[in-house]
Amino acid sequence: MTIEKFKIEVLPIKNKLYRLAKRFLVSKEEAEDTVQDVLLRLWSKKDNLEQINSIEGFAMVITKNLCLDKLKSKRRNTEEFSDTALNVIHKTPYNQTEMADSIDRINEIINKLPDQQKIIIHLRDVEGYEFEEIAEVTGLTINTIRVNLSRARKKVRETVLKAESYEFSRN
Amino acid sequence: MNFQEIEKLLDKYFEGETSINEENQLRKYFNKDLLPPHLKPYKVHFQYFSDAKTEEITDPDFDQMILNEIGERKLFSIDGKRKYLTYSLIGIAASIIIIFGFFFKSPLDNLDDKNFAFANTFTDPEKAFTETQRVLKYISDKFNSGVEPLNDISKFDEGVQSLTKISSFNKGMDEMNKISKFYEYKQLISNQSVDTTRIIKNNKL
């Protein structure tokens, strides 16, 4: 694969990789570093890259694995990591504060999901992946994916409805 | 699409049974501003995922950074096989040079005395002697003028001479040694006093 081809076929998926990395790592900088790492790894395999039927799927797998590795070493290094990660509230720029609150809350609840549910709901509801594509990235069966997706979506619904009833009772 | 249909789709959605197409319909529906009150809470749910999809790498130099890195790697990418080939070629070239060195004599070795740069140019021995004397005298003159500034070194000797006074310091130090004798005696005396007290104690017992 030439640099030109790499520019056209591989570089444009960087934002998808970034969103997945950020879903796991939360930090913007760490996510960007990871994407850079992934793209350079892809380039080092440039001779075999054209034989792979889905470069995007392959890149997503590498991203997922790198992120999980990083999280593993992080969790090993600092026991209290999970606590601090949960306490970080990520503000999204939003005009309606009520809506922004709910969006932050959803973000938080997705961050708290188990890794499997997290990646499934991300690939489906953010990136619009088909089940077969999710299976390729996660290595799970379609049925497992469906069950985990349902659990993750219901968990998000729970938070949304709870927040709503709170708003309702306050008014 | 009426809201009963949407409710059905929502149920399907939360069971993970909707297709991508149906999920897009839901997203479209909840993007509307006017919604029945009981469906309103789901607006933020779908809004969240639409928003999340717009998130991108903000660093404007990101692409260039990658391309620079890739360009560099291309220059230095000597993979396993090529590295082996390069090193073995260097080795072969070096051995060829060494072998040539053994078999081919340097052209300087073939020069005999006659052809040499310092070959004898005088026929008359007397002339040669005077010429040699002249050259040696010239050299000794130049040599002496070079040695002259070294005369100042004698000043160094003067300086060193005054240092001989240090020997008197050594004498003083010797005197000091006698003080250590004093300590020896002191030690002896104290030991003896311990002994005597012990003796006294033993006597009492």
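Computation of the quantities below employed the complete heavy-atom set of this structure, encompassing side-chain atoms and omitting hydrogens, waters and symmetry-equivalent molecules. Reminder, nothing fancy here: chain letters follow the sequence lines and each chain counts from 1.
More than 12 heavy atoms of other shown residues, nucleotides or ligands fall within 6.0 angstrom of atom NZ in K118(A). No more than 12 heavy atoms of other residues, nucleotides or ligands sit less than 6.0 Å from atom CD of Q161(B).
Side-chain atoms of N15(A) come within 3.5 Å of backbone atoms of I57(B) as a donor-acceptor pair (strictly under, hydrogens ignored). S150(A) places a side-chain N or O within 3.5 Å of a backbone atom of F14(B) that can act as its donor or acceptor partner. Using modelled atom types, one side-chain atom of R19(A) and one backbone atom of K53(B) make a donor-acceptor pair closer than 3.5 Å. Under a 3.5 Å cut-off, the side chain of R153(A) and the backbone N or O of Y13(B) do form a donor-acceptor pair.
Side-chain contact between K14(A) and E56(B): absent, with no pair of heavy atoms (C-beta onward) separated by less than 4.5 Å. Side-chain contact between R105(A) and V44(B) is absent, with no heavy atoms from C-beta onward closer than 4.5 Å. Using a 4.5 Å cut-off on side-chain heavy atoms (C-beta onward), F46(B) and D125(A) make no contact. No side-chain heavy atom of Y48(B) sits less than 4.5 Å from a side-chain heavy atom of D104(A). When side chains are defined from C-beta on, W43(A) does not count as touching E69(B), because their heavy atoms never get closer than 4.5 Å.
Proximity to chain B is limited to the backbone of Y129(A), based on heavy atoms less than 4.5 angstrom apart. Heavy-atom distances place no part of R151(A) under 4.5 Å from chain B, backbone and side chain included. Only the side chain of K7(A) comes within contact range of chain B, judged by heavy atoms closer than 4.5 Å. Only the side chain of E23(B) comes within contact range of chain A, judged by heavy atoms closer than 4.5 Å. Interface remark: I110(A) contributes side-chain atoms only to the contact with chain B (heavy atom separation under 4.5 Å). Neither the backbone nor the side chain of S50(B) comes within less than 4.5 Å of any heavy atom of chain A. When heavy atoms are compared at a cutoff of 4.5 Å, N24(B) does not approach chain A at all.
In this structure, CD on Q36(A) lies 4.5 Å from CD1 on I66(B), to the nearest 0.5 angstrom. Rounded to the nearest 0.5 angstrom, T58(B) OG1 and Y18(A) OH are separated by 5.5 Å. Here F49(B) contributes atom CZ and H122(A) contributes atom NE2; the two are 10.0 Å apart, rounded to the nearest 0.5 Å. In this structure, the separation between CZ on R146(A) and CD on E17(B) is 5.5 Å, given to the nearest 0.5 Å. Between the CD1 atom of I70(B) and the OG1 atom of T2(A) there is a distance of 10.5 Å, given to the nearest 0.5 Å. E55(B) CD to K28(A) NZ: the interatomic distance, rounded to the nearest 0.5 Å, is 7.5 Å.
L161(A) approaches P41(B) most closely through the heavy-atom pair CD2-CB, 3.8 Å. When all heavy atoms of I20(B) and G128(A) are compared, the pair lying nearest together is CD1-O, 3.3 Å.
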